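Structure record follows, encoded as structure tokens.
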Amino acid sequence: MSVRNQIAIVGAAESSRIGRLPDISQVQLHCDAALRALDDAGLTPADVDGLASAEEVPWTIAAALGIKPVWVDGTDTGGCAYMHHLRHAVAAIAAGHAKTILITHGESGRSGVGTTGLDMKYTDNHRQFELPYGATMPPTMFTLPVRRYMHETGLTAEDLAWVHVRQREWAARNPRAKLRDPVTVDEVLSAPMIADPITKLMCCLVTDAGGALVVTSAERAKDLRQKPVYYMGGGEAVTMNNISQMPDFTRAEVFGIASGKAFAEAGITTADVDHLMIYDAFSHLPIYGLEALGFVGRGEAGAFIREGHTAAGGSLPLNTNGGGLCYTHPGRYGMFALQESVRQLRGTAPAQVDDVEISVAQGVGGMFFAASTAVLTNVA
């Protein structure tokens, strides 16, 4: 059964503050964003009968907000969990399991207030076969495939640096972005080396932040405060749970699976996409993503970004809030990709792109372990 354009995002908001917030806990970040998103929609917690969350389990958020949902989703696939939650919420509303679903995110990634902290020891396989060789934490795990991709495609370190430069250009237009000052390719390349060839400026920020979405039927959305953003289609996938077990270090297999499903469900091709958000934990992710989603051919993504196609005035505006590299990244970024897609489709983004009718938000979980894609539109 098709759910294309039958369900809408009617509320969207981030936490009132982002950055370094030692005075606010992780649960408070969830609740701050949730209340702001509900207010954005013109609703209250009493209107919510469905809840989805990650980092914190749903019953913790429900208790904190004083709601008693009859549908819950605690799916935790890392940074793309919110795209999963959105897809599941769409199906639940279409099936009549809930009427108004709240999706919350909050992470005290920098300050660590009210969180148990980050555990990257994942699985027994990781502990046995990767950790002893120094592959621990994202900078030394997620970056493992890059050298192979460079070897096979001719991608250069300068191409990786251009990803940050282009996103800094977008961030300069976003008052809430952490990194807004202009930067050069040489400055990105000369930043401290983290894991060859990835320098510090090719790594995402570490911040505190929260975000939330309110989802309901397209019919009900007509009576609410905001211009609806409709869900056209989505896809999700999980593959392996160890970076060393990627079938091919040079291809984001989960991106291709999830986006292929999403594009088919939405009935679109890449030519229909006006705006794109690709989770950018490190500067190689947009490069892998552009290729896996089919926007460029093999090995063409570096030049595509360098030549300005993803920049302001380009053919495919990409990561227009500045992304995880320059805007914010509390540890899991997928919610903020969705937030920017919503803003662009509403016409309210700080770095607004002209004539956006279809936006795609691509999320990743773990180190290419999971992925989820959402295709959104403002056209009923």
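Heads up: numbering here begins at 1 and tracks the sequence. Remember, it's a predicted structure, so these values are computed and weren't measured experimentally.
Between Y288 and Y149, the distance from one ring center to the other falls under 6.0 angstrom. No close placement of the H105 and Y333 rings is indicated, their centers lying 6.0 Å or farther apart.
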When you look at R87 and E265, which way does the salt bridge (Lys or Arg N to Asp or Glu O under 4.0 Å) test go after all the steps?
-> CA-CA 11 Å; R87 188 165 190 250; E265 198 170 89; 3.2 Å; yes
Side chain to side chain contact (heavy atoms under 4.5 Å, CB included) evaluation trace for L86 with I9 = CA-CA 9 Å; L86 178 58; I9 296 169; 4.1 Å; yes
Test log, rule salt bridge (Lys or Arg N to Asp or Glu O under 4.0 Å), inputs R332 and D76 | CA-CA 11 Å; R332 305 174 185 219; D76 193 346; 2.4 Å; yes
Would R251 and E152 count as a salt bridge (Lys or Arg N to Asp or Glu O under 4.0 Å) if you check the C-alpha gap in whole Å, the side-chain angles of each, and the deciding distance to 0.1 Å?
-> CA-CA 11 Å; R251 300 179 193 275; E152 291 195 10; 5.7 Å; no
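Side-chain N/O atoms of S244 and E130 include a donor and acceptor closer than 3.5 Å. For T320 and R173, the side-chain atoms include no donor-acceptor pair closer than 3.5 Å. No side-chain N or O of T75 forms a donor-acceptor pair with one of H84 less than 3.5 Å apart. Of the N and O atoms on the side chains of T207 and T328, at least one donor lies less than 3.5 Å from an acceptor on the other residue. D32 and S16 share a donor-acceptor pair across their side chains, judged by distance under 3.5 Å alone. For the 3.5 Å distance criterion, the side chains of S259 and T373 fail to qualify, holding no donor opposite an acceptor.
The backbone N or O of D39 sits less than 3.5 Å from a side-chain atom of R225, completing a donor-acceptor pair. The closest donor-acceptor contact from the side chain of D280 to the backbone of G324 lies under 3.5 Å. In terms of modelled atom types and a separation under 3.5 Å, the side chain of E14 and the main chain of G210 share no donor-acceptor contact. Counting only distance, with no hydrogens or angles, the side chain of Q352 and the backbone of A349 share a donor-acceptor pair below 3.5 Å. Side chain of E236 to backbone of S372: no donor-acceptor contact under 3.5 angstrom is found. No donor-acceptor pair under 3.5 Å is formed between the side chain of T104 and the backbone N or O of A212. At distances below 3.5 Å, at least one donor-acceptor pair connects side-chain atoms of D208 with backbone N or O atoms of G109. Within the 3.5 Å criterion, the main-chain N or O of S25 finds no donor-acceptor partner in the side chain of S108. Between the side chain of Q344 and the main chain of V353, a donor-acceptor pair closer than 3.5 Å is present. A donor-acceptor pair is defined here as one N or O able to donate and one able to accept, closer than 3.5 Å; no such pair exists between the side chain of N174 and the backbone of A351.
For R20, the CZ atom sits in a loose shell: 12 or fewer heavy atoms of surrounding residues, nucleotides or ligands are nearer than 6.0 Å. D355 CG: 12 or fewer foreign heavy atoms inside a 6.0 Å radius.
Here the closest non-hydrogen pair linking E169 and A311 is OE1-CB, 3.9 Å. Looking at every heavy atom in both residues, A135 comes nearest to L144 through CB-CD1, 4.5 Å. When all heavy atoms are compared, the tightest approach of I243 to M141 is CG1-O, 3.3 Å. Among all heavy-atom pairs drawn from F142 and V364, the shortest one is CZ-CG2, 4.1 Å. In this structure, H164 and V183 approach most closely via the heavy-atom pair CD2-CG1, 3.6 Å.
Between Q28 and V113, the closest side-chain pair of non-hydrogen atoms is not below 4.5 Å. Residues I24 and L29 have side chains in contact (heavy-atom distance under 4.5 Å, counting atoms from C-beta outward). By the 4.5 Å heavy-atom criterion applied to side chains, T115 and E107 are not counted as neighbours.
Partner of V214 under the side chain to side chain contact (heavy atoms under 4.5 Å, CB included) criterion, out of D47, L224, L102: L102 alone.
Summarising the geometry, atom CD1 belonging to I287 is positioned 14.0 Å from atom CZ belonging to F282; distances are rounded to the nearest 0.5 Å.
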